[in-house]
Amino acid sequence: MKEFAITPQKQSNFSQWYLEIIKEADLAEHSPVRGCMIIKPHGYGIWEKIQEILDKKLKETDHENVYFPLLIPLKFIEKESNHIKGFAKECAVVTHHKLKNIDGKLVPDSPLEEPFIIRPTSETIIGNFYSSCVKSYRDLPIKINQWSNVMRWELRPRLFLRTSEFLWQEGHTIHETQFEAKAHTQTMLDLYSNFIENYLAIPVFKGLKTPDERFPGALETYCLEAQMQDGKALQAATSHFLGQNFSKAFNISFLNRNGQKEFAWTTSWGISTRLIGAIIMSHSDNNGLILPPLIAPKQVVLIPILKQKNLNDKIISLCKKIKTILLEHSISSFIDQKDENGGEKVWKNIKKGIPVRIEIGPIELQKHNVSVSCRTWDPLKKIELPIVRLPDNILLLLKNIQKDLFQNALSRTIKQTISIYSLNDFHNFFSNNAGFAISFWHPNANNHPLFAKYKVSIRCILLSSQHEGICPFSKQKTYNKILIAKAY
RNA sequence: CGGAAUAUAGCUCAGUUUGGUAGAGCGCUUGGUUCGGGAUCAAGAGGUCGCAGGUUCAAAUCCUGUUAUUCCGACCA
């Protein structure tokens, strides 16, 4: 037996380990198109769970789903100057509308009078539409959401973390007042952090992006930053307060309660398939993927052990019965009936990160027991559970796995996060450690050369800071604290 | 988009220096013995060597171009 299922181990080569997890857990593959991935059933199943849970939360908070076109007229992007600056460099452009056959080769034909871009985000096309819908304060607020794909031409793609095409959810809201819009930006940030911590079991820091890292066209960009097992930061969600920038660019105006014309206040916010990368890099080990039960497409795998032909039918029907009983308790499961060697089958399910494994063979049949193992345990450890009250016990195990994964990720994050108060601390920490440093910071502080030296950046200005201190970069008094880290 | 490395069977790789009939292990198929921790024996299938040109009697091997992947940088969610 191999010592570990995954080679290389995460301690020796984290990025290769990450790619190996994706391969061994059968989540996704490269496609013939550079930067675009094929998301396979197990990987897409995780995305569907994310969609299912988040979609419900969005609807509970009075958002409605819509769909806008993939193609956006070029002139829309030109209307907001910061927006152009941010996205012009990474837009795929559609310039022709048919193909011509020349000596067996197809070449683009019939240029479009006005080219389209493939959406990198939809603020512009949505803004354009709502300019004609919004007439009165009575029309507001408008709270919509879109599940879609977007394209941002990437120079260095990585599966799930940075692909040219990715799947996401983009919410857009239009409000009567600045106060309401700002509050909504915060509400969505909170909704995301609850979702990511409680379902994906990933602890996050809430923060505000510095002007350099802001969404192009936003007045404020809020974010959630999570620490991966290698100590690097991954932005897990964003929420933007767009002020009146887009409403002015697209003329979203209304008559207010005093009968005066006013520009609306807008927000946008999103999460993407990148979260799947965050799940992998937060929880997985050298035996493969580990999925938090609340996000696992299948929470339980039932493995029939077919040794004696006369008992096989009984074992299979017991598996089916247990599957039904589990489903009645909202536990998703599947029977792995593939004709494979038992050990190999077990390892495949370990690598895929299925939270709970149940084995049922002649012994279990006789004892009215099942053998149960959790993905977070040693692969060899098994316990016996009676079939009566099985769902309650499984629910408890799933709950414990979910809790343990969050606790592990949290204690690791805490362990790899320190407060620094001087340039010397900065130097000492990053020359020896991977992780997060928290420091006082004054907005007037210049970009200090230490950031470049250690290839770290300001991930965000933390929302939680309350006390006054001295910024080590500018020596000025400040209430701001920043999170400093290497970033994905 | 700059720098470096790689591309040969489903996977991991040898063969390239010195041009001469395409190799191994694992996996796959079939049959046997097995099966409660990545089994084993036997037989078999499977590749115009990333792609396009060029040199040559002859190219996986030499030359030019190109594409993809991995890592580093710049850029970004």
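Chain letters run A, B, ... following the sequence lines, proteins first, then strands; residues in each count from 1. Computed from heavy atoms alone, side chains included, the values below leave out hydrogens, waters and symmetry copies.
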For nucleotides 69-77 of chain B, give me one character per nucleotide, 5' to 3': B if any protein heavy atom sits under 4.0 Å from the base, S if the only such contacts are to the sugar-phosphate, - if neither. SSSBBB-BB
Taking the nucleotide of RNA chain B with the nearest heavy atom to each, does A:I303 or A:P32 sit closer to the 5' end? A:I303
Using the C1' atoms only, state how far B:C72 lies from B:U16, rounded to an integer number of Å. 27 Å
Just by distance, with hydrogens left out, do A:D336 and A:N349 show a side-chain donor and acceptor under 3.5 Å apart? yes
Whether A:D285 and A:R375 form a salt bridge (side-chain N of Lys/Arg under 4.0 Å from carboxylate O of Asp/Glu) is what I want to check. yes
Under the ring pair (Phe, Tyr, Trp, His ring centres under 6.0 Å) test, which residues partner A:W168, sequence neighbours left out? A:F166
Do any pairs count as a side chain to side chain donor-acceptor pair (under 3.5 Å) and have a residue in residues 449-458 of chain A, sequence neighbours left out, and if so which ones? A:H427-A:Y454, A:S457-A:R459
Euclidean distance for P, B:A4 against B:U29 (whole angstrom): 44 Å
A:E225: partners by side-chain hydrogen bond (donor to acceptor under 3.5 Å, both in side chains), with sequence neighbours left out: A:K209
Answer with yes or no whether the side chains of A:S371 and A:E364 bring together a donor and an acceptor at under 3.5 Å. yes
Mind checking who B:G25 pairs with, Watson-Crick or G-U wobble, both distances under 3.5 Å? B:C11
With C1' as the reference atom in both, quote the distance from B:U55 to B:U61 in angstrom, rounded to an integer. 13 Å
Going by the ring-ring contact (aromatic ring centres under 6.0 Å, His included) test, which pairs reach into residues 221-242 of chain A, not counting sequence neighbours? A:F215-A:H240
Suppose you measure atom C1' in B:A24 against the same atom in B:G15; what distance do you get, rounded to whole Å? 11 Å
Only distances under 3.5 Å count here; give the side-chain donor-acceptor pairs of residues 49-56 of chain A to other protein atoms, sequence neighbours excluded, each with its distance to 0.1 Å.
from: A:D55; atom 1: OD1; to: A:N65; atom 2: ND2; distance (Å): 2.8
from: A:D55; atom 1: OD1; to: A:W147; atom 2: NE1; distance (Å): 2.8
from: A:D55; atom 1: OD2; to: A:K59; atom 2: NZ; distance (Å): 2.6

Collect all protein-nucleotide pairs involving nucleotides 40-45 of chain B in which both atoms are nitrogen or oxygen and the distance is under 3.5 Å.
none

Tell me the partner of B:A58, counting only Watson-Crick (N1-N3 plus N6-O4 or O6-N4) or G-U wobble (N1-O2 and O6-N3) with both under 3.5 Å; none if nothing fits. none
In Watson-Crick or G-U wobble terms, with both distances under 3.5 Å, the base opposite B:U66 is B:G50
Whole-Å C1' distance, B:G27 and B:G46: 11 Å
Quick one: ring pair (Phe, Tyr, Trp, His ring centres under 6.0 Å) partners of A:H42, sequence neighbours excluded? none
Using atom C1' of each nucleotide, how far apart are B:C11 and B:G47 to the nearest Å? 14 Å
Per the ring-ring contact (aromatic ring centres under 6.0 Å, His included) rule, what does the pair list look like for residues 352-385 of chain A, sequence neighbours excluded? none
Who is the Watson-Crick or G-U wobble partner of B:C35, with both distances under 3.5 Å? none
Any residue in residues 353-364 of chain A with a heavy atom nearer than 4.0 angstrom to RNA chain B? Just list them by number, or reply none. A:R357, A:E359, A:G361, A:P362, A:I363, A:E364
Nucleotide paired to B:A42 in any strand shown, Watson-Crick or G-U, under 3.5 Å: B:U30
Partners passing ring pair (Phe, Tyr, Trp, His ring centres under 6.0 Å) against A:F451 (at least two apart in sequence or in another chain): A:F426, A:F473
Integer angstrom distance from the C1' of B:A68 to that of B:G25: 26 Å
Can you tell me if the side-chain N/O atoms of A:N341 get under 4.0 Å from OP1 or OP2 in B:A39? yes
Partners meeting side chain to side chain contact (heavy atoms under 4.5 Å, CB included) with A:N447 (sequence neighbours left out): A:D212
Partner nucleotide of B:C1 by Watson-Crick or wobble geometry (both distances under 3.5 Å): B:G73
